[in-house]
Structure formats: C-alpha cells, structure tokens
Number of protein chains: 2
Amino acid sequence: MDPDAVPPEKQREVAEAVRKALAKHGYARLTTRKIAAESEKSEAGLYYYYDSKDAMIAAFLEVAADFLARELAAVDADDPEARLRAACDRLFVRRDDEELRGVNVAVMELLSHAPYNEELREPLRTLEANTLESLAGILREGIERGTFRDVDPVGTAAFLVAAGNGATGFHLALGMEEGGEPLREQVADYVDSLLADGDRDRD
Amino acid sequence: MDPDAVPPEKQREVAEAVRKALAKHGYARLTTRKIAAESEKSEAGLYYYYDSKDAMIAAFLEVAADFLARELAAVDADDPEARLRAACDRLFVRRDDEELRGVNVAVMELLSHAPYNEELREPLRTLEANTLESLAGILREGIERGTFRDVDPVGTAAFLVAAGNGATGFHLALGMEEGGEPLREQVADYVDSLLADGDRDRD
DNA sequence: GTCTATACAGTGATAGAC
DNA sequence: GTCTATCACTGTATAGAC
C-alpha cells in the first residue's frame with residue numbers, strides 16, 4: 001500500500017509497535033515477528049498496510065519526527081536564551097526517561113545504518129533537519145535581538161544536535177556515567193559561551 | 001578458541017575483514033559470509049579462531065581501539081592547546097577520509113546497538129573510555145599549566161567525545177552538509193571558550 | 001481486513017575430508 | 001588449519017481461507 005494511503009490511526013498503531021520492538025531488541029535484531037508481538041495484529045496483518053519491514057520502520061520515523069517537532073515547538077518562553085536551554089534540555093535525554101531513551105537510541109542505530117539503507121535515509125534526514133531548523137531558528141532570533149553573539153546559526157545548531165546525538169550513544173546506549181547526568185553542565189556552559197558579551201556572567 | 005589465544009597476525013586479518021565488511025554493508029546486515037568474502041579465508045576458516053560472529057566483531061573493536069589510542073597518543077605537540085586541537089581534528093572525521101569514515105560509522109552503529117548485545121558492550125566501553133581519558137588528560141594538564149579555565153576535565157572531554165560521535169552520525173552516516181566540513185569552526189570556537197581568560201582573543 | 005499456513009532464501013555454526 | 005558440504009533454524013513476504 002502507498003504509505004500516504006495508510007489511515008493515520010493504523011500508522012500510529014504500527015509505529016507504536018515498532019517503537020516498542022526497537023526498544024526491546026534494537027534495530028539489528030528487529031524482525032517482523034517481534035513487531036507483530038508488540039502489536040495487536042499478526043505479521044501478515046502488518047503487511048496489509050505496509051509492503052515491507054522497512055516501510056513499517058519508516059512509518060515509525062515519521063511519527064517520531066512529528067512528535068519531536070511538536071515538542072520542540074511547544075516551548076513557549078519568549079526569551080531566546082530560555083528557549084534554547086529548554087530545547088537542549090529535550091535534546092540531551094535523561095537516563096531515567098525510559099521512553100525517550102528507547103526512541104533516541106533506536107534513532108541513533110537507524111541513523112548509523114543510513115548509509116546502507118536508502119529507504120530509511122530520507123525519513124531520518126527529515127527528522128534531523130527538523131531538529132536542526134528548530135535550534136537554528138531560536139539562534140537566529142537571539143542573534144537578531146542581541147541575546148547571542150553573531151555565530152553561524154546553522155553550524156551552531158548542528159554542533160548542538162551532534163552533541164545531543166552523541167550523548168545519547170555515550171550515556172544512554174553505552175551506559176557511560178562520566179560527566180554525570182548527560183552533560184547538562186557542559187551544555188549550559190556552551191550556551192553561556194554563545195551569549196553576547198554584555199549578557200555573560202562567568203565566575 | 002579463547003580470544004587471547006588467537007595469534008595477533010590472525011586477529012589483524014579477521015579484524016580487517018570485519019572492517020571492510022562493515023564498511024560495505026553495515027552492522028545490521030553483516031553476515032559471516034560477508035566477512036569471509038572480505039577475507040582470504042572461508043567462513044569455516046574464520047570459525048577456527050573465533051567461536052561466534054560477535055567474537056569476530058569484538059576482535060575488530062579491539063584492534064580499532066588500539067589504533068585510535070595510538071593515533072591520539074601520537075600527537076607530540078607540547079602545548080596542551082595544540083594537543084587538544086589535534087585530538088579534536090582526529091575525532092571529527094572528514095568526509096573525504098574513506099577509511100576512517102567507515103570505521104567511525106561502524107563503531108557508531110555498534111555503539112547504538114550496545115544495549116542489546118552484552119558481548120560487544122565491554123569492548124565498546126573500552127574504546128570510548130580510552131578516547132575520553134586521552135582528552136581528559138590533555139585538559140587536566142592544560143588546566144594545571146593555566147592554559148585552560150578550571151573546567152571539569154572528564155565532563156568536558158565527554159562533551160567533546162559526544163559531539164565527535166554525533167558529528168559522525170550526522171555528517172558521515174546521514175550525509176547532512178549543514179555546518180560545512182564537520183563542525184570544524186564550532187569545535188575551534190568551543191576550544192576557544194575553554195581557554196583561560198588571559199589567553200582568549202575573540203572579536 | 002485479518003488470520004493461519006507456508007514458500008523460499010539466507011543465517012550462524014558444525015562435521016568431517018584433506 | 002583450511003576447506004566443502006550441510007544442518008537446523010529464522011528471516012521476509014505471500015497465498016488463500018474466512
């Protein structure tokens with residue numbers, strides 16, 4: 001079936017099953033059987049809506065991207081500095097947040113496999129590009145208002161996204177505890193370094 | 001066979017075959033047949049030295065960790081700032097470096113799968129811990145000498161490692177071009193922000 | 001639409017010849 | 001030590017009943 005023809009309710013169901021299966025087994029060990037086990041449907045039932053396993057995963061990525069975009073957009077502070085800090089807070093996922101943790105690690109595994117899987121590459125790019133653009137937008141506004149120094153908004157946003165993704169691998173996937181609760185201090189420090197000179201207070 | 005009993009020459013051969021196979025197919029699609037195809041041996045030949053596919057991958061990780069550790073230690077500048085910049089240069093792999101690119105993306109994929117694979121977790125932790133300790137050592141020395149501000153060496157090193165890993169996923173695996181050649185400007189800027197106040201020059 | 005049953009290819013790993 | 005042949009199993013995807 002054409003992915004766009006799948007009823008939204010069914011897409012959400014499949015995406016949720018894929019999410020649970022990924023959190024339990026990881027992408028490299030993901031099978032259609034395991035997806036079905038997390039769903040109300042049988043394997044064949046899943047194939048009624050999706051033509052392949054990859055299509056099911058792509059459906060999950062689409063839902064995840066929407067979710068993340070909504071979360072980043074929901075920060076309603078007016079101050080660009082506060083908005084950037086809130087966005088970072090969301091990007092650097094806490095160890096105890098079971099659900100986000102599973103999703104973020106799964107996205108990292110899919111992302112690392114993107115060079116070998118054309119079908120998943122585009123949805124992953126979209127997800128990352130959304131996040132990047134959210135941060136870049138906040139930075140752009142802050143630069144205009146004089147809150148931030150005159151940095152490259154997109155490059156700086158990319159640096160933060162990369163650090164967030166890497167922290168997911170380092171702290172959540174590998175379980176490395178170095179640097180305490182995922183780099184919150186370092187991120188705060190980095191955001192400090194972006195502030196316009198007048199606004200900066202460092203001890 | 002006990003992994004420690006494998007002759008070093010044979011381990012290097014298998015590790016090299018695993019590296020090539022990973023670069024071509026990624027971890028999720030890695031098979032013992034594909035490893036054998038990149039080696040001079042047959043599948044059964046590989047099993048003479050290693051008891052399982054995971055053991056072959058662990059052998060690759062061990063070799064990769066040694067290689068990376070040697071490269072980071074080889075930076076022979078005396079100045080901590082120069083050493084940190086050289087280490088970052090190595091951590092943020094360039095798009096055109098085919099070989100390192102393959103290795104780094106492969107390590108990222110394995111790392112993201114670590115929660116689901118006990119056998120690979122420890123070698124991966126060792127690899128990352130080595131890198132972390134290299135950077136932390138440089139930072140510690142620089143702080144003592146007054147080159148760097150009094151930051152947390154391990155936390156700061158973790159932030160840099162995370163950013164480097166994330167950049168691998170973002171730029172090398174996904175092929176996102178945002179921020180130009182993998183974040184070199186942003187990294188340089190971040191290192192600037194670590195310099196002790198007296199040493200800093202910003203425009 | 002959803003199921004059970006199944007086709008058919010490929011998987012990790014082993015046996016046994018050389 | 002290294003090979004060819006092979007095993008038992010699991011993988012994705014489809015057929016056809018309901």
Side-chain angles (χ1 to χ4, degrees), chain A residues 1-22 24-61 106 109-110 113 116-120 123, chain B residues 1-22 24-61 106 109-110 113 116-120 123:
Chain A
M1 189 184 294
D2 184 320
D4 297 335
V6 176
E9 173 63 18
K10 298 297 180 182
Q11 172 172 6
R12 269 193 304 272
E13 274 175 42
V14 172
E16 178 65 5
V18 170
R19 182 189 70 72
K20 285 181 188 163
L22 277 173
K24 248 189 218 174
H25 311 284
Y27 171 60
R29 291 180 182 170
L30 183 69
T31 67
T32 49
R33 178 198 297 250
K34 286 168 183 167
I35 297 173
E38 302 296 331
S39 129
E40 315 253 275
K41 294 194 208 320
S42 68
E43 268 185 274
L46 297 171
Y47 277 98
Y48 179 79
Y49 294 106
Y50 293 98
D51 294 338
S52 67
K53 184 176 105 166
D54 281 345
M56 298 173 206
I57 302 172
F60 155 73
L61 283 172
E109 193 179 354
L110 292 167
H113 193 68
Y116 318 103
N117 189 323
E118 260 190 76
E119 190 166 359
L120 298 180
Chain B
M1 188 183 297
D2 184 321
D4 297 336
V6 177
E9 173 63 18
K10 298 295 179 182
Q11 172 171 7
R12 269 194 303 274
E13 275 175 40
V14 172
E16 179 66 6
V18 170
R19 182 189 70 73
K20 286 181 187 163
L22 277 174
K24 248 188 217 174
H25 310 284
Y27 171 60
R29 290 180 183 170
L30 183 69
T31 68
T32 50
R33 180 199 295 252
K34 286 168 183 168
I35 298 173
E38 301 297 330
S39 129
E40 315 254 273
K41 294 195 209 318
S42 67
E43 267 185 274
L46 297 171
Y47 276 99
Y48 179 78
Y49 294 106
Y50 292 98
D51 295 338
S52 68
K53 185 176 102 165
D54 280 344
M56 300 173 204
I57 302 172
F60 155 74
L61 283 172
E109 193 178 353
L110 292 167
H113 194 68
Y116 318 102
N117 189 323
E118 260 190 75
E119 189 164 0
L120 298 180

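Note that the structure is a prediction, hence the values are computed from the model and not measured. Labels below follow one simple rule: chain letters A, B, ... track the order of the sequence lines, proteins then strands, and each chain is numbered from 1.
Considering only the side chain of B/Tyr49, D/dG1 comes nearest among D/dG1, D/dT12, C/dG12. The listed nucleotides are C/dT2, C/dA13, C/dT11; the one nearest the side chain of A/Tyr48 is C/dT2. The nucleotide whose nearest atom lies closest to any side-chain atom of B/Ser42 is, among D/dT2, C/dT14, D/dC3, D/dC3. Of the listed nucleotides (D/dG1, D/dT12, D/dG11), D/dT12 has the atom at the smallest distance from the side chain of A/Glu43. Here C/dA13 is the nucleotide among C/dT14, D/dT12, C/dA13 with the atom lying nearest to any side-chain atom of B/Lys53.
Of all non-hydrogen atoms in A/Ala17 and A/Ile35, the two that sit nearest each other are CB-O, 3.6 Å.
Listed pair B/Arg33 / C/dT11 meets the phosphate criterion, a side-chain N or O lying under 4.0 Å from OP1 or OP2. Phosphate contact (OP1/OP2 of C/dT2, side-chain N/O of A/Lys10, threshold under 4.0 Å): present. For C/dA13, the OP1/OP2 oxygens have a side-chain nitrogen or oxygen of B/Tyr47 closer than 4.0 Å.
For B/Lys24, the NZ atom counts as loosely surrounded, since its 6.0 Å shell holds 12 or fewer non-hydrogen atoms of other residues, nucleotides or ligands. By the 6.0 Å contact criterion, CZ on B/Arg29 is enclosed, its count of non-hydrogen atoms from other residues, nucleotides or ligands being greater than 12.
Within the nucleic acid shown, B/Leu30 comes within 4.0 Å of sugar-phosphate atoms alone, with no base atom in reach, counting heavy atoms only.
With hydrogens and angles disregarded, no donor-acceptor distance shorter than 3.5 Å links the side chain of A/Lys41 to the backbone of A/Val14.
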